[in-house]
Amino acid sequence: MNNNEKPSTVSADTSKEVKQASSKQLIAIIFILALATKMFLQPLFLIKSAGRDAYIALAIDGTFDLIVLVITLFAMKLSPNRDFFELTRCVFGKVGSRIIVGFFGLYLFFKLNVAVSETVAFYSKNILTDLDTTLLILILLLFLVGVALHSLRAMTRLNELLTPVIVICLVLLITIVAATGFDLANIFPTMRHPREFGITLSRHMTWLGDFSPLLLFLGRTEMKKSTLPLSVTAGALGTAVSVFFSIVMCAAFGNITSMVDASTNLSSILQYSLGNVYGRIDLVSEILWSVASFIQNALFFYCTVRCFEYVIGKPFHLATSLGVSVLLFTSLTVMFKDPEILNAVIVSEITSGLVASFAVTMSVIALVCALIIKRRETKGGQNQDKSAKALRSSE
């Protein structure tokens, strides 16, 4: 530990890390989260359901997540010194706060199941085809436990280091796509089947809430004047990039949805368009997806552990991390051993509605709590000023 860093302190209910993420690190993680699922994974399910209109559904989902992001960022701005746990405890009391955080932890745990299962599916079908799936899950869980044992600053530093790799890969991919060209006429005409499009929207909201882990950045992030606009810009830019690549995939697979599989599909597009003359240039897309996916998995796991720790009331990082790992391993190898079962749960209207509701509700709760506490502090300050004036007048 550096001498200029304050050690972590422990509150009565959970470990509150004094170490904070910098403004630049927050912007970097927002950009990465905007890419993690919307660039590769979510479009696959949308294309299978909505065909050439999948990019429109993705754009709508991206807009929803950006609204949630803005709400979360305003809560950060209003509460620079209190974290999400303190905010809810000050407004709802200790019991009410633990109930809210407990539900939030369950929501994050479900999102973690979806993210990890998709990561495992990709690697088991495309890269580590000879490795047993159970062993692959265990290796990934060991990585996640290692991440959860560190502070928030350690994880954000890792994100900051990996961001240049992601940017370089994106520039290469966009350059290749622009140079080779695609018949974008394939995405027209749009909305030929509005009823099917509506069903697609209602059944594919499980991927919403990519920015939900940012609630744990409240009170732990350096907030400058430029942080809020730059953070929104980073989220919008990441979403725009995701929509662009989804348009490319819709142009290629929108009329042949049966060809969409568990790979990134951009690899297939690049290999076909370049004719393999540049070697495995398609690996750029796999590297990009891998980095973004691991960061997303790590962040959801970290936040899930911290929420459960708060509910328990003890900062047992190792024990809680192992407990979450056991639960995650059980759900992936027992409950959702058959991928079709998990897919059925994911595209359920009930599940989609609950996920979308939780995504926006938790951010709204944080903002409302921040506003209430801000008003209390302002009112308290005004009362103190009145008391001081009255005292001076009596003298």
Side-chain angles (χ1 to χ4, degrees), residues 33-68 110-111 113-115 117-119 121-122 125-126 173 177 182-212 235-236 238-269 285 288-289 292-293 296 339-340 342-356 359-360:
L33 287 176
L35 297 172
T37 56
K38 288 183 173 61
M39 184 169 175
F40 295 118
L41 299 175
Q42 189 177 359
L44 309 186
F45 292 87
L46 293 176
I47 289 174
K48 288 182 179 180
S49 179
R52 68 181 72 182
D53 292 328
Y55 73 96
I56 302 176
L58 186 73
I60 294 174
D61 289 348
T63 301
F64 178 93
D65 269 344
L66 287 176
I67 294 173
V68 174
F110 175 75
K111 293 282 291 183
N113 270 271
V114 176
S117 65
E118 290 173 338
T119 302
F122 172 79
K125 294 181 179 180
N126 297 278
L173 284 176
V177 169
F182 292 92
D183 189 4
L184 295 181
N186 286 338
I187 65 174
F188 298 105
T190 60
M191 302 298 290
R192 294 180 63 185
H193 305 287
R195 182 176 180 277
E196 286 75 3
F197 181 81
I199 294 175
T200 298
L201 281 180
S202 64
R203 290 182 174 273
H204 293 81
M205 294 187 292
T206 306
W207 286 272
L208 297 177
D210 287 339
F211 300 119
S212 294
T239 301
V241 171
S242 299
V243 173
F244 168 74
F245 280 108
S246 70
I247 291 175
V248 172
M249 285 192 279
C250 286
F253 298 107
N255 295 324
I256 45 175
T257 57
S258 59
M259 293 186 64
V260 180
D261 54 30
S263 70
T264 63
N265 292 286
L266 280 178
S267 297
S268 303
I269 295 174
S285 64
L288 171 59
W289 182 87
S293 174
Q296 183 197 42
E340 294 300 323
L342 180 60
N343 290 339
V345 173
I346 289 175
V347 299
S348 165
E349 289 186 351
I350 296 177
T351 305
S352 295
L354 287 174
V355 169
V360 67

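Quick note: residue numbers are just sequence positions, from 1. Side chains included, hydrogens not; waters and symmetry mates left out as well; all remaining heavy atoms used. What you are looking at is a predicted structure, and each value in this text was computed from that prediction instead of being measured.
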Approximate separation, where rounding is to 0.5 Å, of [X] [atom1] and [Y] [atom2]:
X: His204; Y: Ile199; atom1: NE2; atom2: CD1; answer: 10.5 Å
X: Asp210; Y: Gln296; atom1: CG; atom2: CD; answer: 5.5 Å
X: Leu354; Y: Phe110; atom1: CG; atom2: CZ; answer: 9.0 Å
X: Ile60; Y: Leu201; atom1: CD1; atom2: CG; answer: 4.5 Å
X: Trp207; Y: Lys111; atom1: CH2; atom2: NZ; answer: 9.0 Å
X: Thr239; Y: Leu58; atom1: OG1; atom2: CG; answer: 8.0 Å

request  = Applying salt bridge (charged side-chain N to carboxylate O under 4.0 Å, His left out), name anything that partners Asp65, two or more places apart in sequence or on another chain.
outcome  = Lys38
inquiry  = If the condition is ring pair (Phe, Tyr, Trp, His ring centres under 6.0 Å), which residues does Phe197 pass it with, not counting sequence neighbours?
reply    = none
Could you tell me whether the side chain of [X] and the main chain of [Y] form a donor-acceptor pair under 3.5 Å?
X: Ser117; Y: Val114; result: yes
X: Ser293; Y: Thr119; result: no
X: Arg52; Y: Phe188; result: yes

So, for [X] and [Y], which heavy atoms are closest and what is the spacing to 0.1 Å?
X: Gly235; Y: Ala34; result: O-CB, 3.8 Å
X: Ala359; Y: Phe64; result: CB-CE2, 4.4 Å
X: Ala356; Y: Leu208; result: CB-CD1, 3.8 Å
X: Gly238; Y: Leu35; result: O-CD2, 3.5 Å
X: Ala236; Y: Leu66; result: N-CD2, 3.6 Å

4.5 Å side-chain heavy-atom contact, Thr351 and Ile346 = no
query = Given side chains that start at C-beta, do those of Thr190 and Tyr55 come closer than 4.5 Å, heavy atoms only?
reply = yes
remark   = Taken in chain and number order and not counting sequence neighbours, the residues that satisfy side chain to side chain contact (heavy atoms under 4.5 Å, CB included) with Ser352 are Met205, Thr206
